[in-house]
Amino acid sequence: LTLAVVFYLWDKLPAKQAAISGWLFAMGLQCTGVSWIFYSVHVHGSAPAVFAVFLVFLLCCYLSLYTALAAYTVNRFLPARPVLRLMLFYPASWVVFEWLQGYVMTGFAWMQLGYTQIDFQLSGFAPLLGNHAVSGMIAVCAGMLVILVKQWQQADIKKSLAIVFFALLLWLCGGLLKTINWTEKYGEPVRVSVVQGNIPQKDKWNPALKRPTMNLYRDMSLAQKEVDLIVWPETAVPDYRHRIDPYIQQLSQEMKARGADLLLGIFVQNEAKRVLNSVVNVNGGVYNKIHLVPLGEFIPLRFLIEFFNRFVKIPMSDIDSGGDDQPLLIAAGQPLGLSICFEDAFARDVIKDLPEARLLVNVSNDAWFEDSHEPHQHHAIARMRALETGRYMIRSTNTGITAFIGPHGEVIKQLPQFETAVLNGEVQPLTGITPFVRWGDWLIVSLCSLLLVGFAFGKRKILSTAERK
């Protein structure tokens, strides 16, 4: 509905005013959507509240430029035909610039419209074309709503019925796509235990609480019987890998005796003594996080480190990323598609492990953001990744939302937030690929880009012909 309102306004405005309108609309979207960053910067990063608010504001100012450019591009370079604008140009431009927001300067792929549809029919297009395509479908529906209002005002019943029929057809197709099983079973189900330690972020790096934390995770894990795989959250162990060898060895011996694997989140030092955010299988194998969080794990502009650190004291805010050529981690006899925290917000980071990976695993620590809407947004994002890839996802978090997610994006089982508990269940390894895994975002982004460029050149040709005449 809000997108329909803004499309209605853009269609009446010159290009520059449409860009301003787009920027203001996106500021409302982004400021409400990513306000949770305040918690990590102020509450846990010890930055003054004013500085934290200012930092969030600056980030939102930047992110809103993409929506402004989406509106400006259509109104400046494309034909001013309302039906084409509302049903093709605005949706295609939205898709392209939403995609760019997730790529430029490593990207910040949050607040994408498609995630809102995870429980609705339009999400059926995700395994086919990806989440950006679902965003485009929402934009098409918003455009149709505007056209419907205009036709209703003109008492054009035939055109109104045609729009309603097309909208219903779009949702019907999405619903039918949701019934398709794009992948198939491989072997027997894996018995999994996911440990939710529920360690408050303010206590995580307290030296006096390091040993109790490690004991908690160990004891909760050893209490699990008849299990193939145990998964701990991101950085569950508040120490470096090389400093706790006896602890890791004890866990390995216990797991081998049970015929099980245990994945734990921990920081690892590389040969250059730089820190990596990693997931370690105590029986052998490691995955190092590749896609780091801007300002949380790396500073985009190196000369800003000293200035940033003067105000914000976030532990491990300048670490290294792992290599792109890492072999898949094997656990419970299955190759896993692993992602750490922020990485599952990027479809390209998840599908790179397919079709080899038979299960997806995401480990995270959303305790940084307290009881905000971030854990719920992150949960919806993880569900979309499972749907796009047609895989079960094991999601392990420190304070929630810990869950088993099915290949249709459905939540099979989850733990309540802010409880110390273990989630037990079975997940089925799957093989095969969805169409989206085959071609990624490139198909929908290329189609939308070609549509915009083609009509833009067509407009130029028409104008130049008119000028010659």
Enumerate donor-acceptor pairs with a distance under 3.5 Å from any side-chain N or O in residues 332-340 to protein atoms, sequence neighbours excluded.
unit_1: Gln334; atom_1: OE1; unit_2: Arg358; atom_2: NH1; d: 2.9
unit_1: Ser339; atom_1: OG; unit_2: Asn362; atom_2: ND2; d: 3.0

As an exercise, state the distance from [atom1] of [X] to [atom2] of [Y], rounded to the nearest 0.5 Å.
X      : Y      : atom1 : atom2 : result
Lys225 : Leu222 : NZ    : CG    : 7.5 Å
Leu262 : Leu229 : CG    : CG    : 8.0 Å
Leu263 : Ile230 : CG    : CD1   : 9.5 Å
Gln269 : Leu276 : CD    : CG    : 9.0 Å
Lys178 : Ser123 : NZ    : OG    : 3.0 Å
Thr73  : Trp94  : OG1   : CH2   : 13.0 Å

Flag, side chain of [X] to backbone of [Y], donor-acceptor distance under 3.5 Å:
X      : Y      : result
Asn270 : Arg274 : yes
Glu410 : His408 : yes
Trp368 : Ile37  : no
Thr32  : Leu29  : yes
Arg258 : Gln224 : yes
Gln121 : Cys173 : no
Ser372 : Glu374 : yes
Thr183 : Gly390 : yes
Arg348 : Gly440 : no
Ser93  : Ala70  : yes

Between [X] and [Y], is any pair of side-chain heavy atoms under 4.5 Å apart?
X      : Y      : value
Asn206 : Lys210 : no
Gln101 : Leu63  : yes
Val286 : Asn281 : no
Val192 : Asp228 : no
Val268 : Val275 : no

His378 and its ring pair (Phe, Tyr, Trp, His ring centres under 6.0 Å) partner, picked from Phe342, Phe369, Trp110 |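 Testing each of Phe342, Phe369, Trp110 against His378, the sole residue satisfying ring pair (Phe, Tyr, Trp, His ring centres under 6.0 Å) is Trp110.
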Near-ring test Trp36/Tyr39, centroid separation under 6.0 angstrom | no
May I ask you to check whether Trp99 and Tyr103 place their ring centres under 6.0 Å from each other?
->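 Ring centres of Trp99 and Tyr103 closer than 6.0 Å.
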Listed by chain and number, what are the side-chain contact (heavy atoms from CB on, under 4.5 Å) partners of Ile248, not counting sequence neighbours?
-> Arg241, Ile244, Leu264, Val282
Sequence-distant partners of Glu426, side-chain contact (heavy atoms from CB on, under 4.5 Å), two or more places apart =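 If we apply the side-chain contact (heavy atoms from CB on, under 4.5 Å) test to Glu426, skipping adjacent residues, the hits are Pro189, Arg191.
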Looking at [X] and [Y], what are the two nearest heavy atoms and their distance?
X      : Y      : value
Ala18  : Ala71  : O-CB, 3.6 Å
Asn283 : Ala260 : ND2-O, 2.9 Å
Val56  : Phe38  : CG2-N, 3.9 Å
Ala345 : Ile381 : CA-CG2, 3.6 Å
Ile290 : Ser321 : O-CB, 3.1 Å
Trp182 : Thr434 : CB-CG2, 3.6 Å

Contacts of Arg243 that satisfy salt bridge (Lys or Arg N to Asp or Glu O under 4.0 Å) - sequence neighbours left out =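 In terms of salt bridge (Lys or Arg N to Asp or Glu O under 4.0 Å), with neighbours along the sequence ignored, Arg243 is linked to Asp239.
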Are Phe25 and Leu3 close enough, and set up right, to give a side-chain contact (heavy atoms from CB on, under 4.5 Å), and what steps lead you there?
-> CA-CA 9 Å; Phe25 173 77; Leu3 202 60; 4.1 Å; yes
Please say whether more than 12 non-hydrogen atoms of neighbouring residues, nucleotides or ligands are located less than 6.0 Å from [atom1] in [X].
X      : atom1 : value
Leu58  : CG    : yes
Gln250 : CD    : yes
Phe57  : CZ    : no

Could you list the donor-acceptor pairs under 3.5 angstrom formed by side chains in residues 411-420, with sequence neighbours left out?
unit_1: Lys413; atom_1: NZ; unit_2: Asn424; atom_2: O; d: 2.6
unit_1: Gln414; atom_1: OE1; unit_2: His379; atom_2: NE2; d: 3.4
unit_1: Gln417; atom_1: OE1; unit_2: His376; atom_2: NE2; d: 3.2
unit_1: Thr420; atom_1: OG1; unit_2: Gly197; atom_2: O; d: 3.4

Where do Thr389 and Val350 land on the side-chain contact (heavy atoms from CB on, under 4.5 Å) test, with the steps shown first?
-> CA-CA 8 Å; Thr389 58; Val350 175; 4.1 Å; yes
May I ask you to decide whether Asp261 forms a salt bridge with Lys256, counting only side-chain N to carboxylate O separations under 4.0 Å?
-> no
Stepwise side-chain contact (heavy atoms from CB on, under 4.5 Å) check, Arg383 with Asp119 | CA-CA 10 Å; Arg383 292 177 62 193; Asp119 290 312; 2.5 Å; yes
Relative to each other, are the rings of Phe346 and His291 parallel, tilted or perpendicular (30° and 60° limits)?
->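 Parallel, since the angle between the ring planes stays under 30°.
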Polar side chain donor-acceptor pair, Ser21 to Trp10, under 3.5 angstrom |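 On atom types as modelled, these side chains qualify, holding a pair under 3.5 Å.
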Determine the sole option in Ser221, Ser396, Ser193 for which the side chain to side chain donor-acceptor pair (under 3.5 Å) test with Trp232 is passed.
-> Ser221
Could you please spell out the steps behind the side-chain hydrogen bond (donor to acceptor under 3.5 Å, both in side chains) verdict for Glu98 and Ser135?
-> CA-CA 9 Å; Glu98 183 183 83; Ser135 294; 2.9 Å; yes
Give the intermediate values and the outcome of side-chain hydrogen bond (donor to acceptor under 3.5 Å, both in side chains) for residues Thr397 and Thr402.
-> CA-CA 5 Å; Thr397 67; Thr402 295; 2.9 Å; yes
Carefully, step by step, assess Glu234 and Lys289 under the rule side-chain contact (heavy atoms from CB on, under 4.5 Å).
-> CA-CA 10 Å; Glu234 176 190 18; Lys289 187 176 183 180; 4.2 Å; yes
Donor-acceptor pairs under 3.5 angstrom involving side-chain atoms of residues 322-331: please list them, not counting sequence neighbours.
unit_1: Gln326; atom_1: OE1; unit_2: Asn288; atom_2: N; d: 2.7
unit_1: Gln326; atom_1: NE2; unit_2: Asn288; atom_2: O; d: 2.8
unit_1: Gln326; atom_1: NE2; unit_2: Gly323; atom_2: O; d: 2.9

Go through Asn131 and Glu388 one step at a time and tell me if the side-chain hydrogen bond (donor to acceptor under 3.5 Å, both in side chains) criterion holds.
-> CA-CA 8 Å; Asn131 183 61; Glu388 287 173 337; 5.4 Å; no
